[in-house]
Amino acid sequence: MAATLSVQLTYFNNSNSPQDAWHKHVKTARTNRNSRIVNKQKVSKFGSLNRTQLNTVKALVEPEPSTRSLTRVLCNVVDSGCMENALYLFEKMIQLDTYIRNTYIWNVMIRGCTNNGLFREAVDFYCRMGFEGVRGDNFTYPFVIKSCTGLLSLMEGQKVHAKLFKIGLDLDVYVCNSLIVMYAKMGYIEFAERVFQEMPVRDLVSWNSMISGYVASGDGCSSLMCFYEMQALGMKPDRFSMISALGACSLEYRLHCGKEIHCQVLKCGFELDVMVQTSIIDMYGKCGRMDYAERFFDRISPRNVVAWNAMIGGYALSSRFLESLAFLRKMQDGDKLNPDIITMINLLPSCAQLQALLEGKSVHGYAIRKGFLPHPVLETALVDMYGECGKLDMAERVYGQMTEKNLISWNAMLAAYVQNGWNNKALVLFQDIWHQPFKPDAFTFASILPAYSESASLQEGKQIHGFIMKSELGTNTFILNSIVYMYAKCGDIGAAREVFDHMLHRDVISWNTIIMAYAIHGFGRFSVQLFSEMKEKGFKPNESTFVSLLSSCSISGMVEEGWEYYNSMKRDYSIDPGIEHYGCMLDLIGRTGNLELAKIFIDEISLFPTARIWGSLLTASRNNQNIELAELSARHILSLEHDNTGCYVLLSNMYAEAGRWEDVERLKCLMIKEGLEKTKGCSVVEINSRTCRFVNNDRSHAETNLIYDVLDIIMRKIGEDIFVHSLTKFRPLDLRKNRANSPQKHSVRLAISFGLISTTIGSPILVRKNTRICEDCHIVAKKISEITRREIIVGDSKVFHHFRDGHCSCRDYW
DNA sequence: ATAGGGTTAG
């Protein structure tokens, strides 16, 4: 017998080493299936064999194999995890008639691959088994199905499932339980339910698989229903049931339910089980009860990393970021445990929220030293942290180096750009969607829409709107709210209203948004009207509602109503005014010209005045030509935001108007010293479906001559009064000295002029610009609207000016 | 001589 085997092994010369054997197997299996060719990375997981290992295997196979059971040897090799050796042995074995039809050894190989994460290879084995004419049995399928689960390949899984009916294993309890888990983990919970429904006999594992399956698909309620139904049928839950049910409570924030299960755990004596313990901590943390979590955590011993991680994550979730970071120390010093990848992932959001860049960086450094990177989840958390801390270059670097980008990491990078005002970069990244294998979700749109609001054209805004409506998110309230705002910011208040009117479910934010939309367009009457409607429909106004409403009153100059709402806010809704509300009221007071009151108002604010508050006073001073107060405001602003360019420009303009050229010069030097540059003014006009961009003095446009000619004709028609007005403000000396900045050639005028000649008569002209419109251009725009009888809409960095028949919606205060 | 269900994560 020994001789026979030797001979046969000698003749089997196609695979001389375990590595060869592996390659040969993969090739056979894949060629047969017309599937992809060898995945080199996967194969290399086996590692290469050194001579000693090789000899061990040969020794196992060659001397007197008949005296030992070869099968037993194969099992041992598989259990040791060295699949390459196992394959070598396996290939030798199936050369023998005794083994070729032995389902058992095939099962052992499939089991080995599955348990070592070699899912593709496990499925390959299963397929090859079919080609060799060996039938799979009730032991084969649970392994194969588990591998399909690991591959997350529905197609592969369904092929296997179909086969089960043919061979009559479709009702086997073990096989069905595996199928339930497979479908649930792939996100096809209905398929899992169907398998469960059709089982003639269900055991504890079947129930547990459903309970955990529902949790995996995010449906905690069904999971808990399953958990209770099982008990109603007389089935006693075990630790697996408890762990999954606790997960369901976490998912649904069901504290009461969670406590009940905690009691059950104690009654059943599972409280010493480490995983049960962790699940309990996690449940209390997710339900926002860190006090319960702490009490439980303090009592358990020994504590492992997972329990610590659950605590760190729980604190972060409860916005107790400092404690979250402190627990890292305690974990290292107290329990002498080393943080793992999940610890890092849990810590980073705390660093981000605390803007703790130093801590964030040290987490990054630790991750690198420990070799945790690349890791898609950790990298995403890093992108997020750097984004929150304003370190866009680092966020970009981490994102750029990611080997496995996915929807979530992509969303994180988008959000980082948008949060930091890098809208154009965000829009470019978003366009990348067409090259990505994943499709955008609610988070993507929620992130990108503000970028569209700030930087995109109305035309592009319409495109993204259409795109969203075609996706399954067309009725998502959260996203529709952003679309309403986007339309308003892109200048089309009508479209904003239409989207709002067609929403199926409006929430408070929807109302706040539409009220704000009318506010920035200076249509205060509509805001007020909508506020009443909102109350009639039973919505309770919140802080933001009043920010919208008070902004609207201020922008539209509805002073009395503004005060009335301000008082009613405290009186009728017990909302204490926040800094934003004070800002709106300051704008309102500024509009009346009562600067004394404005100063008193600031003094009486109980909160620390922000740059925005002083900005309101600066605007008020400017509109009331009070240079001293403007200087005071500017000092405050610059002490808070040294790089506030707008503040310099505004003050400089005031000096210029007053003819204080030395001060203008002084500010200019100061700006240079601070390394600041005046924002380059630019205006964009939308013509049919394209946009044209103009800077001051622009002569780059193809129709430049025509544009300037039209502007010239208009200016002459507008007449002397404007010219005189300009002269009083800009002295001839300055006009000569500083021709480039002459309002005559400001970008807004060029844009309006081009709009006039490129659009059909009667349609409004929409211009958006990045800085506040200057006083001269404002006067000119009013006049143009009068003589051309065209509506001109100019959206500047703060509000939209609707010029019509010689008047502006802002009533000359902005 | 082989089987199925479980904890922390963007």
Colleague: A:Tyr399 and side-chain contact (heavy atoms from CB on, under 4.5 Å): which single residue from A:Met402, A:Gln401, A:Arg397 fits?
Modeller: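 Looking at A:Met402, A:Gln401, A:Arg397, the match for A:Tyr399 under the side-chain contact (heavy atoms from CB on, under 4.5 Å) is A:Met402.
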
Colleague: What's A:Phe143 touching, base or sugar-phosphate or nothing? Going by heavy atoms closer than 4.0 Å.
Modeller: sugar-phosphate

Colleague: Describe the nucleic acid contact of A:Asn411 in one word from base, sugar-phosphate, nothing, applying a heavy-atom distance below 4.0 Å.
Modeller: nothing

Colleague: A:His161 and ring pair (Phe, Tyr, Trp, His ring centres under 6.0 Å): which partner among A:Tyr183, A:Tyr188, A:Tyr141?
Modeller: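 Exactly one pass, corresponding to A:Tyr183.
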
Colleague: Would you mind classifying the nucleic acid contact of A:Asn304 as base, sugar-phosphate or nothing, using non-hydrogen atoms under 4.0 angstrom?
Modeller: nothing

Colleague: Checking all strands, does A:Pro349 fall into the base, sugar-phosphate, or nothing category for heavy-atom contacts under 4.0 angstrom?
Modeller: nothing

Colleague: When the aromatic ring centroids of A:Trp106 and A:Tyr126 are compared, is their separation below 6.0 Å?
Modeller: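 Aromatic pair excluded; centres sit 6.0 Å or further apart.
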
Colleague: What residues, two or more places apart in sequence or in another chain, satisfy side-chain contact (heavy atoms from CB on, under 4.5 Å) together with A:Ile368?
Modeller: A:His364, A:Leu373

Colleague: At the 4.0 Å heavy-atom cut-off to chain A, mark where contacts on DNA chain B begin and end, going 5' to 3'.
Modeller: B:dA1 to B:dG10

Colleague: Are side-chain N/O atoms of A:Thr343 and A:Asp340 paired as donor and acceptor at under 3.5 Å?
Modeller: yes

Colleague: At under 4.0 Å between heavy atoms, what does A:Leu179 touch on the DNA or RNA strands: base, sugar-phosphate, or nothing?
Modeller: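 Since no nucleic acid heavy atom lies under 4.0 Å of A:Leu179, the category is nothing.
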
Colleague: Contact class for A:Asp282 vs. all strands (heavy atom < 4.0 Å): base, sugar-phosphate, or nothing?
Modeller: sugar-phosphate

Colleague: Across the strands shown, which category fits A:Asp340 at heavy-atom distances under 4.0 angstrom: base, sugar-phosphate, nothing?
Modeller: nothing

Colleague: So, using side-chain contact (heavy atoms from CB on, under 4.5 Å) as the criterion, who are the partners of A:Thr149 when residues are at least two apart?
Modeller: A:Ile145, A:Met182, A:Lys185

Colleague: Using a heavy-atom cut-off of 4.0 Å across all strands, would you classify A:Lys185 as base, sugar-phosphate, or nothing?
Modeller: sugar-phosphate

Colleague: Could you check whether A:Val305 gets within reach of a base, just the sugar-phosphate, or nothing at all, counting any heavy atom under 4.0 Å?
Modeller: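 The answer is nothing, as A:Val305 stays clear of every strand by at least 4.0 Å.
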
Colleague: For A:Val377, answer base if it contacts any base atom (sugar-phosphate contacts may also be present), sugar-phosphate if it contacts only those atoms, and nothing otherwise; contact means non-hydrogen atoms under 4.0 Å.
Modeller: base

